Structure formats: C-alpha cells, structure tokens
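The model shown is predicted, which means the values in this text are computed figures rather than measured ones. Throughout, protein chains are lettered first and strands after them, A, B, ... in sequence-line order, and every chain is numbered starting at 1.
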Amino acid sequence: MKIVTWNVNSIRARLPRLLPWLEENEPEIVCLQETKVVDDLFPQEELEDAGYNVEKFGQKTYNGVAILSQYPIENVVKGLPDDEPSGDEREARVLGCQIEKFQILNVYVPNGHDIESDKYLFKLQWLKRLVRMLTEGYSVKDRLIVCGDFNVTFDDRDVYDPEEWRDKIHCSKPERRAMQNLIDLGLKDALRKFHTDRDIYTWWDFRTRGFQRNAGLRIDHMLMSAPALKACKSVEVDMTARDGQGPSDHAPVIATFR
DNA sequence: ATGCCTTCGCCTCGAAGA
C-alpha cells in the first residue's frame, strides 16, 4: 500500500505528467494540493479512467485539494469546521476522509507570504484551527495520517541555507512551534523515522532554478499517529518527478505500508 | 540566487506562489 502527498501546482497543467506517474508508481491513495480549479472543471474522468475514485474540494485560481483512491472513499469532510466565510468564498485547503483502515486529512496550509504580512497571522491562526479540528474530531489511536503542503520547515535540516532563511517565512519560530503543536497531539514527522540527514527537500524555487542546485525546502510532510507509523515501512521523496519538462515545483512524498 | 519561473484569469500583464 502506497500513500502519496503531492502539491501538483495546478491539476490541469500537471495532468500530462500526473497520469504517467500514477501508472508507473501505482499508488493506492494520492493526496493532492494546489489543484487550482473549481470542482466542475476538475479532470474527474481522466483520473477515474486511470482507476481512481476521486474526491475534490476546489476553487478558482488558488488552493484546492483532492484525494484519489483505488479503494472507496468514505466520510468525506471539506474545510476546517470554523472556516469563514462559508460557501464558495471559503478557501479550499482541507479534505478529510476514511479509506480502509486509514483516517486521512489532506491539507494545504496558507503560505504566509512574509512574517510582516497579515497573511502570516492568518497562517498561524489557521494552524491553531487545524490543531483544534484534530483535537475535537480525530484520535491518534487510529491509523491517522495528516499530510500535505504545510509551508513550514521543522528544523534547519529542512533548509538548504539555514542562515539565509533564519526567521524568514517557512522557517520562523512561531511557525515551527505551530508544527510542534501538531506533533504534540501524538503525531510524528514520518520521514524522520527513516531519514535523519539534511538536504532532503520537497520544494525548489522555479525562479532561481533551485532544483538544479538542490536549493530547496522540506515543507511537504506526512504526519502519522503511532498505529499508522508502525505499519509504515518507508517514506521517500520522489526526485524523479522533478525531471524533464513541465514539473510541479514540489516533489511527491511516498509512504509505503506493509 | 526570492526582480531570474510557472500558473491563472479581470488573459499579452498582474498577482501569487514559497
């Protein structure tokens, strides 16, 4: 069983790369972020033809999350419980469900832009609301996976140039404390069970051609409860998904379960 | 090496991403 998280940076732009990637890797469950499309225009048929059940929660231009699964997708939840405003205006950043024995929460955490920005305060508040949602509605006694693009590095190992990024967006102490609050619920940063070295990244900047010089950040994560982590036998970043023409700026993270 | 690329839509420029 393989479970993937991948910020695809537009599901429609990435489909020509996503479909062959699915065929090659055959993941059972795929959590996507930044689909950037309203639900009516989501490429549902193409993904169903590839063998997946599809749940999506999208909006125009920005954000958007989706879950693909070879198994039935049950108990779907869209958004944070206290999302405002309601309806079409709310930001599409959370998609939860149950698939087989797994409770899954797929998240696209706000970017924050800059620590001086109002968007930064929104990001910190948003992470607090995510903690509340997990506290009130989920149990770490289950096989719980909270995965997605968190837009936060856990520590300096996740940063190609820690001095340059010191206290900047994605690396500030309040953001990292917010991630620790998630860990304190009884979740673990699953990749670190298998890899402790630095220079493991999931995002590289297009503008500075970061991928070519491995100047990246590790901001896409799989947080797992103890029962989920116990069943997990590997977590890997698929760097090959960045090769060639037209990749996302993020690489997928693949967790394999026994 | 965050003014350098990529995406979307008010679509040939501006805004946002991270």
Side-chain angles (χ1 to χ4, degrees), chain A residues 5-19 21 32-43 56-66 88-94 106-127 130 147-176 178-179 198-221 237 239 241-253:
Chain A
T5 181
W6 194 1
N7 179 325
V8 287
N9 185 19
S10 169
I11 185 67
R12 288 179 293 176
R14 212 61 55 219
L15 208 57
R17 286 190 62 114
L18 176 61
L19 289 172
W21 190 89
L32 302 172
Q33 303 88 36
E34 281 209 89
T35 52
K36 295 189 174 182
V37 67
V38 294
D39 292 348
D40 287 349
L41 297 177
F42 193 94
K56 69 271 185 191
F57 178 42
Q59 66 185 93
K60 192 165 71 172
T61 313
Y62 301 117
N63 310 319
V65 280
D88 292 343
E89 299 298 311
R90 66 179 173 171
E91 297 192 353
R93 296 183 176 277
V94 172
N106 176 18
V107 302
Y108 175 49
V109 177
N111 176 301
H113 185 66
D114 182 281
I115 63 167
E116 302 293 326
S117 163
D118 287 345
K119 292 178 181 177
Y120 178 68
L121 297 177
F122 178 72
K123 178 182 195 173
L124 295 177
Q125 279 300 119
W126 197 95
L127 284 164
L130 178 62
C147 66
D149 179 356
F150 289 80
N151 271 315
V152 183
T153 56
F154 276 103
D155 58 50
D156 284 351
R157 287 177 297 177
D158 299 339
V159 184
Y160 72 97
D161 186 344
E163 291 313 313
E164 176 65 29
W165 283 79
R166 181 80 55 216
D167 294 326
K168 298 226 171 96
I169 195 70
H170 313 299
C171 303
S172 72
K173 292 177 185 68
E175 288 170 275
R176 287 179 175 176
M179 294 304 289
R198 50 168 299 112
D199 293 345
I200 300 171
Y201 309 128
T202 63
W203 170 87
W204 301 260
D205 198 316
F206 280 138
R207 288 168 290 189
T208 57
R209 296 178 173 84
F211 187 72
Q212 286 83 331
R213 52 199 176 86
N214 201 26
L217 303 176
R218 190 174 73 95
I219 53 177
D220 301 86
H221 305 296
V237 180
M239 303 276 284
R242 282 295 310 254
D243 293 340
Q245 292 300 304
S248 169
D249 47 355
H250 295 251
V253 181

Distance-only donor-acceptor test (3.5 Å): side chain A:Arg207, base B:dG17: yes

Short side-chain N/O contact from A:Ser248 to OP1 or OP2 of B:dT6, under 4.0 Å: no

Distance, rounded to the nearest Å, where A:Asp249 contributes CG and B:dA16 contributes P: 17 Å

Between C1' of B:dG17 and CG of A:Leu217, the distance in whole Å: 13 Å

Presence of A:Lys36 side-chain N/O under 4.0 Å of B:dA16 phosphate oxygens OP1/OP2: no

Parallel, tilted or perpendicular, as decided by the 30° and 60° cut-offs, for the rings of A:Trp203 and A:His250: tilted

Spacing of A:Phe211 atom CZ relative to B:dT6 atom P, expressed in whole Å: 14 Å

A:Asp156/A:Arg176 ion pair, N-O < 4.0 Å: yes

Separation of B:dC5 C1' from A:Trp203 CH2 (nearest whole Å): 11 Å

Nearest-Å distance for atom pair CH2/P, residues A:Trp204 and B:dG17: 20 Å

For atom CZ of A:Arg14 and atom C1' of B:dT7, their distance in whole Å: 8 Å

Touch class at under 4.0 angstrom, heavy-atom based, for A:Tyr160 against every strand present: base

Contact under 4.0 Å: A:Lys119 side-chain N or O vs B:dG17 OP1/OP2: yes

A:Arg209 side-chain N/O to B:dC5 phosphate OP1/OP2 under 4.0 Å: yes

Side chains of A:Tyr108 and A:Glu34 in contact at under 4.5 Å (non-hydrogen atoms): yes

Whether over 12 other heavy atoms sit under 6.0 Å from A:Asp118 CG: no

Sugar-phosphate, base or nothing in reach of A:Asp161, heavy atoms under 4.0 Å: nothing

Check against side-chain contact (heavy atoms from CB on, under 4.5 Å), A:Gln59 and A:Glu91: CA-CA 7 Å; A:Gln59 66 185 93; A:Glu91 297 192 353; 4.0 Å; yes

Nearest-nucleotide 5' precedence on DNA chain B, A:His250 against A:Ala13: A:Ala13

Under-4.0 Å side-chain N/O to phosphate OP1/OP2 contact, A:Arg242 with B:dC5: no

side-chain contact (heavy atoms from CB on, under 4.5 Å) between A:Val237 and A:Tyr201, worked out: CA-CA 8 Å; A:Val237 180; A:Tyr201 309 128; over 6 Å; no

Gap in Å between the two C1' atoms, one belonging to B:dT12 and one to B:dT7, rounded: 15 Å

Touch class at under 4.0 angstrom, heavy-atom based, for A:Asp220 against every strand present: nothing

P-based separation of B:dG14 from B:dC4 [nearest Å]: 13 Å

Rounded distance in Å between the C1' positions of B:dC13 and B:dG3: 15 Å

Interatomic distance where CG belongs to A:Leu18 and P belongs to B:dT7 [whole Å]: 14 Å

Gap in Å between the two C1' atoms, one belonging to B:dA16 and one to B:dC10, rounded: 15 Å

Sugar-phosphate only, base, or nothing, as touched by A:Arg213 at under 4.0 Å among non-hydrogen atoms: base

Nearest-neighbour nucleotide for the A:Arg12 side chain, B:dA1, B:dG17, B:dC8 considered: B:dC8

Whole-Å distance separating the OH atom of A:Tyr62 from the C1' atom of B:dC8: 7 Å

